[in-house]
Amino acid sequence: FPVTILLLIVIGCENDLETIRKITFKPNDPSERTRDLELVYTDSGYAQIQLRATLAETYYTPEKITKFKEGIIVDFFTKKGIVSSTLSANYGELLKDNQTVVRDSVKLCNLNEQQCLYTEELHWSQETQAMHTDKLVRVVAKDGVFYGNGIRTTQDFKKYEFIRPRGTINLK
């Protein structure tokens, strides 16, 4: 009698993977979800970029994209391993070909130059180490505050070029 009950329990508890998939699968859910993500990109053993995100969701279809819905912080290092600049935003997307778009309260700061760029959207190419936007930007530097519609810069934010500068600049 106990063997029969045990056999019924084992047979009754069998899970059909296809049934489970139908019940739990949602087509808009990410393929992967990571909490408290920290990635460090290195070259020859030296840190080049450190990326931190509270939540990273990767989708593989229709094409691979990783979304940072709860914010993203990226530190850029010098060849000596010192953080030279920092990029932060409330939202980001890592697209194909290592292209990244950050949105919502975007801030890029060069720590040595004591200057920061503020905008609502910034595109970053990891391959070329360049950033750009055509949105309104504000640059706060030691010499003043500068505005423009669009900017091109390097990821270390040492050099930048306004696409359409605006405002008054006082020269010494």
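At a threshold of 4.5 Å between non-hydrogen side-chain atoms, the residues Arg166 and Asn149 count as touching. Between Leu87 and Met131 there is a side-chain heavy-atom pair separated by less than 4.5 Å. Asp156 is listed as a side-chain neighbour of Ser85, based on a closest heavy-atom distance under 4.5 Å. Thr100 places none of its side-chain heavy atoms less than 4.5 Å from the side chain of Leu122.
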- [ ] Take Glu127 and Asn98, measure what side-chain contact (heavy atoms from CB on, under 4.5 Å) needs, and give me the verdict at the end.
- [x] CA-CA 7 Å; Glu127 185 177 320; Asn98 288 326; 5.8 Å; no
TODO: Decide side-chain contact (heavy atoms from CB on, under 4.5 Å) for Thr154 and Gln129; before the verdict, give the C-alpha distance in whole Å, the side-chain angles of both, and the deciding distance to 0.1 Å.
DONE: CA-CA 6 Å; Thr154 54; Gln129 299 182 351; over 6 Å; no
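The pair Glu70-Arg35 meets the salt-bridge criterion, since a charged nitrogen lies less than 4.0 angstrom from a carboxylate oxygen.
The list of side chain to side chain donor-acceptor pair (under 3.5 Å) pairs with a residue in residues 74-84, not counting sequence neighbours, reads Arg52-Asp75, Asp75-Thr86. Sorted by first and then second residue, the ring-ring contact (aromatic ring centres under 6.0 Å, His included) pairs involving residues 110-134 (not counting sequence neighbours) are Phe76-Trp124, His123-His132. Counting only residues at least two apart or in different chains, salt bridge (charged side-chain N to carboxylate O under 4.0 Å, His left out) contacts with residues 110-124 comprise Arg103-Glu121.
When all heavy atoms of Gly71 and Ala53 are compared, the closest pair comes out as O-CB, 3.6 Å. Nearest heavy-atom pair, Leu108 versus Gln155, reported as atom, atom and distance to 0.1 Å: CD1-O, 3.9 Å. The shortest non-hydrogen separation linking Glu32 to Tyr60 is OE2-OH, 2.7 Å.
Think of Leu111 as one node in a network of Ile, Leu, Val, Met, Phe, Trp and Tyr side chains linked at under 4.5 Å; its network also takes in Phe77, Val83.
Proximity of a side-chain donor or acceptor of Ser125 to a complementary backbone N or O of Gln99 within less than 3.5 Å is not detected.
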List the atom pairs, donor and acceptor, that lie under 3.5 Å between side-chain atoms in residues 37-44 and the rest of the protein, sequence neighbours left out.
unit_1: Glu38; atom_1: OE2; unit_2: Gln50; atom_2: NE2; d: 2.5

Under 3.5 Å, which donor-acceptor pairs link side chains of residues 157-165 to any protein atom two or more places apart or in another chain?
none

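In the hydrophobic clustering of this structure, Val102 groups with Ile49; members are Ile, Leu, Val, Met, Phe, Trp, Tyr whose side-chain heavy atoms approach within less than 4.5 Å, directly or through other members. The cluster map of Ile, Leu, Val, Met, Phe, Trp and Tyr, joined by side-chain heavy atoms under 4.5 Å apart, puts Val139 and Leu136 in different clusters.
No side-chain N or O of Gln48 forms a donor-acceptor pair with one of Tyr46 less than 3.5 Å apart.
Annotation: the span from Asp36 atom CG to Thr54 atom OG1 amounts to 6.5 Å, rounded to 0.5 Å.
Within 6.0 Å of the NZ atom in Lys67, the count of heavy atoms belonging to other residues, nucleotides or ligands exceeds 12.
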